[in-house]
Amino acid sequence: MSDLLKPVTAFLARDHGLFIGGDEGPSSGGERFDVLDPSSGLVISSAASGNAADVDAAVAAARAALPVWNATSPARRAELLWNLGVRIEELADEFAQLEALDNGKPLSELHIVDIPLCASLFKYYAGWVTKIEGETIAPMSGAPFHIYTRREPVGVVGAIIPWNFPLLMCGYKLGPALAAGNTVVLKPAEQTPLTAIRLMHLMAEVGFPPGVVNLVTGFGPNAGAPLAAHADVDKITFTGENATGQKILEAAKGNMKRLSLELGGKSPNLVFADADLDAAVAGTFGAVYWNQGQCCIAGARVFVEASIRDEFVDRLLARVAEVNLGPGLDANTTMGPLVSAEQRDRVLSLIGSGVAEGASLRIGGSAPTDAALADGFFVEPTVFTDVRPDMRIMREEIFGPVAMVSSFTDEDEALAYANDTSFGLAAGLWTSDVKRTHRVAAAIRSGVVWVNTYGWFDAAVPYGGFRMSGFGKELGREALDPYLQTKTVWVDLS
Ligand code: ADP
């Protein structure tokens, strides 16, 4: 097990507060909640439990900071975002330890994805700050008008984020929101508040003006719901489960808030017989089990062409058997615990439904028997075969380390299976046929299609779902649009 860095130990012992207008302080209700290490179930820290009055104060601070942030020159705002990205890179070890402790994921995954991608997001959006431009529009029919557009920030943004990529989600939301000139109230998930708190310290150190980002830690109903309903919040950007997204839609209607909703998925992963089988097995393993399967993009509905199905399943089972469950902080760990006891119980119950509905459980399926892991929230990596499309495990998002493998006989059948879901977030396709690649990629109803790879992200590449997976792209230039509004100005020159 890695020893904790001194700053991490000191940080865990702090009396973390809310961050409102640049000041850290307790919730107005004085309440706090425990932060657990999901690999042991032990309390590692605690955070302030925000309420509606705290949200009011945070929104007021964000509103007050809006003119300050907009009066800050674009060059300076760009510099602040860039410097934040640099500092996250410099503190990668510290952030990784904190996240591994708080969320449970392995350090190796944090160093490959969460931390560098988060840093790159701040750097990428730093580049956009100085390039947000309006247009001049030629007068119609020779009328004597000078017409131009201004790209203005939406205003105060409420960012409500989940526990599966806690620090990274801060980057997804704060990068474009701040680049576009908005101020923010950030509400991290109650299971994983620590890296967002650490980020607030870093933003102050880097020199962001007070109130540009305010942090209200706490629970969904107490802190998230009042933010979603707040009359002085202009936009909510949310990542989380569909039931919560629907509550946010309802809460947002009072003042017609702008919304970006990044919701669930039930992504298909199609493996054709002409695929490179080694790559397909390795890629499918990552598609299903990365982050303990707690990914909205998890490509866990695996459809394999019938002629290679048995060999594919044998190889996947062999790969899964190599998994080393353990705490995220242990260098030997290749899969950590789920984030909470509640999440573990949900996943185990869905696995139980698969067994009850007649799917064949080929490996895993329960909590590990290893006594050293007994107090953590672990679930063994699991593979089902003989699944039917109507089973709960094929229709509901599991958000755990569970693969459902079945077969198809031709491309039409593969596509029908792929699109047999109300979600539309992502899809995987494994084939060496270039014509098939483009045919299938066009026919799949999802916001992302990965071909002969799975799960890649880049700050510059738009990401987001179709259908029940939500709306409002993240990442890339497109992600700026939902944080901006266009004003047209008509000047009569006659
Ligand atoms: P999960 O159930 O897997 O924790 P959620 O979608 O409920 O996923 O959580 C994502 C984020 O939404 C968290 O920050 C959570 O606190 C917040 N949240 C939960 N319920 C609400 C709600 N009613 N209104 C606003 N935010 C909420």
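Excluded from the calculations below are hydrogen atoms, water molecules and symmetry mates; all remaining heavy atoms, backbone and side chain alike, are included. The residues of the chain are indexed from 1 along the displayed sequence. Numbering of ligands and ligand atoms starts at 1, following listing order.
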Of the backbone atoms (N, CA, C, O) and the side-chain heavy atoms from C-beta on, which set of Pro188 has a member under 4.0 Å from an atom of ligand 1: side chain, backbone, both, or neither? backbone

With under 30° as parallel and over 60° as perpendicular, where do the rings of Phe285 and Tyr289 fit, or are they tilted in between? tilted

Closest approach of any protein heavy atom to atom 20 (N) of ligand 1, naming residue and atom: Thr244 CG2, 3.5 Å

So which heavy atom in the protein is nearest atom 23 (N) of ligand 1, and how far is it from that ligand atom? Lys247 CD, 3.7 Å

Part of Gln191 with heavy atoms under 4.0 Å of ligand 1, whether side chain, backbone, both or neither: side chain

What are the two closest heavy atoms between Leu168 and Asp114, and how far apart are they? CD1-O, 3.8 Å

Taking only heavy atoms of Gly240 into account, list the atoms of ligand 1 that are under 4.0 Å away from them. 6 (O)

Part of Ile161 within contact of ligand 1 (heavy atoms, under 4.0 Å): backbone

Are Asp34 and Ser46 linked by a side-chain donor-acceptor pair shorter than 3.5 Å? no

Shortest non-hydrogen separation from Met404 to Val402 and the atoms involved: SD-CG1, 3.8 Å

Residue and atom name of the nearest protein heavy atom (relative to atom 26 (N) of ligand 1), distance in Å to one decimal: Gly224 CA, 3.5 Å

Looking only at protein heavy atoms, what sits closest to atom 19 (C) of ligand 1 is Gly220 CA, 3.4 Å

Give the residue, atom name and distance (to 0.1 Å) of the protein heavy atom nearest atom 4 (O) of ligand 1. Trp163 NE1, 3.0 Å

Polar contact flag for Lys187 and ligand 1 (N/O pairs, less than 3.5 Å): yes

Checking salt bridge (Lys or Arg N to Asp or Glu O under 4.0 Å) for the pair Asp234/Arg63: CA distance, chi angles, key distance, verdict? CA-CA 10 Å; Asp234 300 290; Arg63 179 65 59 191; 2.8 Å; yes

of all protein heavy atoms, closest to atom 17 (C) of ligand 1 is Ile160 CG2, 3.6 Å

Of Gln292, Gln294, Met335, which meets side-chain contact (heavy atoms from CB on, under 4.5 Å) against Lys105? Gln292

Numbering the atoms of ligand 1 from 1, which are under 4.0 Å from a heavy atom of Ala225? 24 (N), 25 (C)

Should the pair Phe457 and Tyr172 be assigned to parallel (<30°), tilted (30 to 60°) or perpendicular (>60°) ring geometry? tilted

Between Phe238 and ligand 1, which residue portion shows a heavy-atom distance shorter than 4.0 Å: side chain, backbone, both, or neither? side chain

Please tell me if atom 8 (O) of ligand 1 is touched by the protein, where touching means a protein heavy-atom distance below 4.0 Å. yes

Ignoring hydrogens and geometry beyond distance, is a side-chain donor-acceptor pair present between Thr453 and Trp456 at under 3.5 Å? yes

Across all chains, not counting sequence neighbours, the ring-ring contact (aromatic ring centres under 6.0 Å, His included) partners of His16 are Phe11

Closest approach of any protein heavy atom to atom 2 (O) of ligand 1, naming residue and atom: Glu241 OE2, 2.4 Å

Can any side-chain N or O of Asn419 pair as donor or acceptor with the backbone N or O of Arg445 at less than 3.5 Å? yes

